[in-house]
Amino acid sequence: MMTRGFLPLLAIVAATGIAALAWETEGFRVVTSAGARQLSIERAPRLLPDVRLVDQDGHAFSLSSYKGRPVLVAFIYTRCPTLCGVLGDDFHGVLQLMNGAGAGAPIDLLSISFDPQNDDREALQLYGDRYGAKAPRWRIATLADGRGLAALKQSFGVVVIPDGLGGFIHNSAVYLVDARGRLARILDPDSPPQLFADALQASTP
């Protein structure tokens, strides 16, 4: 038989558990460490290392050259059969929206390969051609000096693990770098209109 004190006690335990969950998830907004990092970046945009890159046309440039304009960044490797195709489709959709908004849309796109050993200029060009990428509006690039790759991945929170079959397991996100050159938001893929809107918002003083 259930005692009189059991139900109130159960209610207190349940309420305490819900309160603890709400606190640990920041009001139920965060359920994963990735979600926590998204909120952290939004609250305190992060400066990025000024690495040198080379695009699909063989032109060298630096990450800091985008200052003054927001840029959407994705990390890919050109032999990827799954996630990198989704990211390519997303950026293609954003590119179409930019073309519809006019050539003056203040947004750039940057796909960075984390597989410099295999992604030479030809591979970057093939990936770009597959999705209609044309530099400088949409650059497909690799690091000019591979020594900066680890720092770049760490700054963006990119996780890359060899899959043992010559490819990689990696996380999938789109990163919004604002006009001041800071990592300002981490966005989920699969929504080109939202990516476009977020980048436009970041370009507004």
Side-chain angles (χ1 to χ4, degrees), residues 13-51 53 62-77 80 82-95 97-98 101 105-114 138-139 141 143 148-161 168-205:
V13 171
T16 303
I18 291 172
L21 179 62
W23 181 81
E24 290 195 7
T25 61
E26 300 191 46
F28 300 106
R29 295 180 65 194
V30 178
V31 294
T32 66
S33 59
R37 189 167 187 278
Q38 286 179 319
L39 284 178
S40 175
I41 293 297
E42 288 180 24
R43 291 170 178 170
R46 178 174 300 177
L47 292 174
L48 298 167
D50 188 21
V51 297
L53 301 128
S62 63
L63 198 57
S64 63
S65 67
Y66 286 104
K67 283 188 177 180
R69 295 168 64 91
V71 55
L72 291 173
V73 180
F75 285 82
I76 56 101
Y77 72 105
C80 176
T82 53
L83 296 177
C84 303
V86 173
L87 293 169
D89 286 336
D90 282 343
F91 274 17
H92 176 74
V94 173
L95 187 64
L97 290 169
M98 285 195 295
I107 305 169
D108 287 304
L109 305 175
L110 174 61
S111 299
I112 301 176
S113 168
F114 52 73
W138 180 3
R139 286 183 165 118
L143 271 74
L149 182 58
L152 191 65
K153 289 190 297 183
Q154 182 177 10
S155 296
F156 278 91
V158 176
V159 178
V160 178
I161 303 171
F168 300 93
I169 299 169
H170 61 98
N171 53 341
S172 176
V174 175
Y175 303 88
L176 175 58
V177 178
D178 65 17
R180 295 171 62 182
R182 306 172 306 171
L183 176 59
R185 291 190 68 184
I186 302 175
L187 307 167
D188 295 324
D190 281 338
S191 180
Q194 188 60 49
L195 297 176
F196 181 64
D198 287 334
L200 279 180
Q201 182 180 8
S203 70
T204 303

| field | Counterpart residues, salt bridge (Lys or Arg N to Asp or Glu O under 4.0 Å), relative to Arg46 (two or more places apart) | value |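 Partners of Arg46 under the salt bridge (Lys or Arg N to Asp or Glu O under 4.0 Å) test: none.
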
N/O donor-acceptor pair under 3.5 Å between [X] side chain and [Y] backbone:
{"X": "Asn171", "Y": "Val159", "answer": "yes"}
{"X": "Glu42", "Y": "Arg185", "answer": "no"}
{"X": "Ser155", "Y": "Ala151", "answer": "yes"}

| task | Locate the shortest heavy-atom distance separating Pro70 from Leu176; write the atom from each residue and the value. | result |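 Where Pro70 meets Leu176 most closely, the heavy atoms are CB-CD1, 4.3 Å.
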
Side chains of [X] and [Y] in contact at under 4.5 Å (non-hydrogen atoms):
{"X": "Gln194", "Y": "Leu187", "result": "no"}
{"X": "Leu72", "Y": "Leu110", "result": "no"}
{"X": "Leu97", "Y": "Pro193", "result": "yes"}
{"X": "Leu95", "Y": "Trp138", "result": "yes"}
{"X": "Ile112", "Y": "Leu53", "result": "yes"}
{"X": "Leu87", "Y": "Cys80", "result": "no"}
{"X": "Leu143", "Y": "Leu152", "result": "yes"}
{"X": "Phe196", "Y": "Gln201", "result": "no"}

Kindly compute the distance separating [atom1] ([X]) from [atom2] ([Y]), expressed to the nearest 0.5 Å.
{"X": "Leu195", "Y": "Ile107", "atom1": "CG", "atom2": "CD1", "value": "9.5 Å"}
{"X": "Gln38", "Y": "Arg43", "atom1": "CD", "atom2": "CZ", "value": "12.0 Å"}
{"X": "Leu83", "Y": "Ser172", "atom1": "CG", "atom2": "OG", "value": "4.5 Å"}

Would you please name every residue forming a side chain to side chain contact (heavy atoms under 4.5 Å, CB included) with [X], sequence neighbours left out?
{"X": "Asp50", "answer": "Ser62, Leu63, Ser64"}
{"X": "Asp89", "answer": "Tyr131"}
{"X": "Val86", "answer": "Asp90, Pro189, Asp190"}

| message | Using the ring pair (Phe, Tyr, Trp, His ring centres under 6.0 Å) criterion, which residues pair with Phe156? Sequence neighbours excluded. | response |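 With sequence neighbours excluded, Phe156 shows a ring pair (Phe, Tyr, Trp, His ring centres under 6.0 Å) to Phe75, Tyr175, given in chain and number order.
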
| said: Which residues pass the ring pair (Phe, Tyr, Trp, His ring centres under 6.0 Å) test with Phe114, not counting sequence neighbours? | reply: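 Per chain and number, Phe114 pairs via ring pair (Phe, Tyr, Trp, His ring centres under 6.0 Å) with Tyr77, Phe168, His170.
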
| field | Lys153 atom NZ, neighbour heavy-atom count above 12 within 6.0 Å | value |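 For Lys153, atom NZ is crowded (more than 12 foreign heavy atoms under 6.0 Å).
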
| field | Test side chain to side chain contact (heavy atoms under 4.5 Å, CB included) applied to Arg37 and Ile186, step by step | value | CA-CA 8 Å; Arg37 189 167 187 278; Ile186 302 175; 2.9 Å; yes

